Trainee: 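First the structure, then my questions, so here it is.
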Amino acid sequence: MVYVRKNVSKLTRTERRRFVEALLEVKRSGEYDEFVRLHIAHFRGDGDRGLRAAHMTPSFLPWHRRFVLDLENALRRVDDSVTVPYWDWTRNRSTTSVPWTDDLLGGNGRPVDRQVMSGPFAYATGNWTLRARITNVEFLTRDLGRSRRPIDLPTRDDLNWALKDPVYDVSPWDSTVTKGFRNKMEGWGSSNNPWRNHNRVHRWVGGAMLGGASVNDPVFWLVHAFMDMQWQRWQRRHRKHRYAPAKPPGRNSAQYGRIVARHEKLPPWDVTPDELEDMSAIYRYG
């Protein structure tokens, strides 16, 4: 049966509570920290050696599509009424609007150390200690909007700039390309606008959302559900275009063995980008 991922601003009070309770239960079981560790392990960039499956690569979108689906399945094993909501940052742009409410994700970090003090994921509750991390900080941190050198969230125009590009991705298949939907959504920009869309949202939230351990902030899932929704929108708009590259780069290419082609397995799963292009039998967006 196909289930619905809803806009977080449309969740009922009961839906909010059940989503939070399911997240806390997955955290208590230790499974949540495994999601953080998996993301850290696959947080590789252009300058790193070996395969890039999750970032700065064509498989950025299918990798996170499967990643969110795995978390959603974990939540639904706790409570099968729960789905991962999405945060439309082009509409809910305030530091006090959803999802930054006490009954959802809690609010901003305090000035002294950016520690989140409100909501169910505050360290003081005892329910959200960061165990899988890249720093020594055990508590969730945020710096919404960036207290120093403030930035704004991406706009609807930023989304449309990416969505109107009919090509999925282009050579050299990394963060430097200036064409293609994938990199425009992932958000690697030019020197005068270094962060767009996805990357800009991570920067705007700040704190734990910066770097490979960004999964420690539950907003990660809402951000990537919205990213996944945009990929679906792009797919509907450009039906003649698909995930690229269709075939892996040749041995003489600098990207040989470093990216995942359409029919290659996407680590750490036994699934290809081709198999992840259509999720209509599993979920849809409301």
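We number each residue from 1, following the sequence as shown. Just so it is clear, the structure is predicted and the values come from calculations on it, not from any experiment.
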Trainee: Can you name the nearest heavy-atom pair linking Y256 to G250, along with the distance?
Mentor: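 In terms of heavy atoms, the two residues are closest at CB-O, 3.2 Å.
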Trainee: Before accepting this row, confirm whether a basic side-chain N of the pair R28/E25 lies closer than 4.0 Å to the acidic partner's carboxylate O.
Mentor: yes
Trainee: Classify the side-chain pair Y285/D228 by whether it contains a donor and acceptor separated by less than 3.5 Å.
Mentor: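 The answer is yes; a qualifying pair exists.
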Trainee: With a 6.0 Å cut-off on ring centres, are F60 and W188 close enough?
Mentor: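 No, the ring of F60 stays outside the 6.0 Å limit from the ring of W188, centre to centre.
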Trainee: Hey, are the side chains of F121 and L23 touching, using non-hydrogen atoms and a 4.5 Å cut-off?
Mentor: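 Yes, side chains in contact.
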Trainee: Do R200 and D158 sit within salt-bridge range, that is, some charged N less than 4.0 Å from a carboxylate O?
Mentor: no
Trainee: In terms of side-chain heavy atoms, does Y168 have a donor or acceptor partner in R182 at a distance below 3.5 Å?
Mentor: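 Y168 vs R182: no donor-acceptor pair found between side chains.
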Trainee: For T176 and M56, what are the C-alpha separation, side-chain angles and deciding distance, and is it a side chain to side chain contact (heavy atoms under 4.5 Å, CB included)?
Mentor: CA-CA 9 Å; T176 68; M56 303 186 189; over 6 Å; no
Trainee: Are L130 and F43 connected in the hydrophobic side-chain network, where two residues link if heavy atoms are under 4.5 Å apart?
Mentor: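 No: no chain of side-chain contacts under 4.5 Å links L130 to F43.
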Trainee: Which class fits the ring pair W87 and W89: parallel under 30°, tilted 30 to 60°, perpendicular over 60°?
Mentor: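 Plane angle over 60°, so perpendicular.
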Trainee: With hydrophobic residues grouped by side-chain heavy-atom distances under 4.5 Å, do V167 and I259 end up in a single group?
Mentor: no
Trainee: Between S118 (side chain) and G107 (backbone), is there a donor-acceptor pair under 3.5 Å?
Mentor: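 Yes, S118 side chain to G107 backbone: donor-acceptor pair under 3.5 Å.
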Trainee: Would W221 and F35 count as a ring-ring contact (aromatic ring centres under 6.0 Å, His included) here? Give the steps.
Mentor: CA-CA 11 Å; W221 307 105; F35 284 102; 5.7 Å; yes
Trainee: Looking at S29 and V26, would you say the former's side chain and the latter's main chain have a donor-acceptor pair under 3.5 Å?
Mentor: yes
Trainee: Could you check whether Y32 and W128 have their ring centres less than 6.0 Å apart?
Mentor: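 Between Y32 and W128, which both carry aromatic rings, the centre distance is below 6.0 Å.
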Trainee: Between the side chain of Q230 and the main-chain N/O of L163, is any donor-acceptor distance below 3.5 Å?
Mentor: no
Trainee: Heavy-atom distance under 4.5 Å between the side chains of E15 and V82, does that happen here?
Mentor: no
Trainee: Any side-chain donor paired with an acceptor under 3.5 Å for Y3 and E72?
Mentor: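 Per modelled atom types, Y3 and E72 side chains form a pair under 3.5 Å.
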Trainee: Considering only heavy atoms from C-beta outward, does the side chain of T83 approach that of V4 to under 4.5 Å?
Mentor: no
Trainee: Are R65 and Q232 close enough that some pair of their side-chain heavy atoms sits under 4.5 Å apart?
Mentor: yes
Trainee: Check the side chains of S94 and T96 for a donor-acceptor pair under 3.5 angstrom, ignoring hydrogens and angles.
Mentor: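 Short answer, yes.
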Trainee: Within the 4.5 Å heavy-atom criterion, are R196 and N199 side-chain neighbours or not?
Mentor: no
Trainee: With a 3.5 Å cut-off and no angle check, do the side chains of D79 and S81 form a donor-acceptor pair?
Mentor: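 Checked: D79/S81 side chains pair up, N/O donor to acceptor below 3.5 Å.
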Trainee: Do the side chains of L105 and M117 join up, straight or via other hydrophobic residues, at under 4.5 Å, putting them in one cluster?
Mentor: no
Trainee: Between F220 and H202, what is the ring plane arrangement, given parallel below 30°, perpendicular above 60°, and tilted in between?
Mentor: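 The rings of F220 and H202 stand perpendicular, inter-plane angle above 60°.
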Trainee: Evaluate the ring planes of W63 and F67, with Trp represented by its six-membered ring, and classify them as parallel (under 30°), tilted (30 to 60°) or perpendicular (over 60°).
Mentor: tilted
Trainee: Answer yes or no: is there an ion pair linking K179 with D169, defined by an N-O contact shorter than 4.0 Å?
Mentor: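 Between D169 and K179 there is no salt bridge, as every charged N stays at least 4.0 Å from the carboxylate O atoms.
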Trainee: Going through the checks in order, is the side chain to side chain contact (heavy atoms under 4.5 Å, CB included) test met by K27 and N127?
Mentor: CA-CA 8 Å; K27 175 71 169 177; N127 295 322; over 6 Å; no
Trainee: Hey, are the side chains of V260 and L51 touching, using non-hydrogen atoms and a 4.5 Å cut-off?
Mentor: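 Yes; the side chains approach each other to less than 4.5 Å.
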Trainee: Do the non-hydrogen side-chain atoms of L144 and V205 ever get within less than 4.5 Å of each other?
Mentor: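 Yes, close enough: below the 4.5 Å cut-off.
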Trainee: Taking atom NZ as the centre, does K265 end up with more than 12 heavy-atom neighbours from other residues, nucleotides or ligands that are less than 6.0 angstrom away?
Mentor: yes
Trainee: Do the rings of W100 and W204 sit parallel, tilted or perpendicular, given the 30° and 60° boundaries?
Mentor: tilted
Trainee: How are the rings of Y123 and F139 set to each other: parallel, tilted or perpendicular (split at 30° and 60°)?
Mentor: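 Rings of Y123 and F139: perpendicular, over 60°.
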Trainee: Do F181 and H241 have ring centres separated by under 6.0 Å?
Mentor: no
Trainee: Could you tell me whether D102 and R16 have a side-chain N and a carboxylate O separated by less than 4.0 Å?
Mentor: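 No, D102 and R16 are not salt-bridged.
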Trainee: Would you check, one step at a time, whether the test salt bridge (charged side-chain N to carboxylate O under 4.0 Å, His left out) holds for R258 with D46?
Mentor: CA-CA 9 Å; R258 302 200 63 215; D46 292 342; over 6 Å; no
Trainee: Using the ring of each side chain (for Trp, its six-membered ring), is H198 parallel, tilted or perpendicular to H55, with breaks at 30° and 60°?
Mentor: tilted
Trainee: Mark yes when over 12 heavy atoms from residues, nucleotides or ligands other than R91 sit less than 6.0 Å from its CZ; otherwise mark no.
Mentor: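 No, because the 6.0 Å sphere around CZ of R91 holds 12 heavy atoms or fewer from other groups.
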Trainee: Under 4.5 Å between any side-chain heavy atoms of P154 and W195, yes or no?
Mentor: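 P154 vs W195: side chains apart.
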Trainee: Given the ring of Y243, does R262 sit roughly above its face, with NZ or CZ under 6.0 Å from the centre of the six-membered ring and within 45° of the axis?
Mentor: no
Trainee: Given side chain to side chain donor-acceptor pair (under 3.5 Å), test D157 with T155 step by step and report yes or no.
Mentor: CA-CA 5 Å; D157 286 344; T155 65; 4.8 Å; no
Trainee: Looking only at heavy atoms, what is the nearest atom pair of A244 and P58, with distance?
Mentor: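 Heavy atoms only, the tightest pair is O-CB, 3.2 Å.
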Trainee: Is a salt bridge present between R37 and E34, judged by a nitrogen-to-oxygen distance below 4.0 Å?
Mentor: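 Yes, R37 and E34 are salt-bridged.
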Trainee: Is there a path of hydrophobic side-chain contacts, each under 4.5 Å between heavy atoms of I, L, V, M, F, W or Y residues, that connects I151 with L210?
Mentor: no
Trainee: So, does R114 use its side chain to make a donor-acceptor pair with the main chain of R142 at under 3.5 Å?
Mentor: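 Side chain of R114 to backbone of R142: a pair is present.
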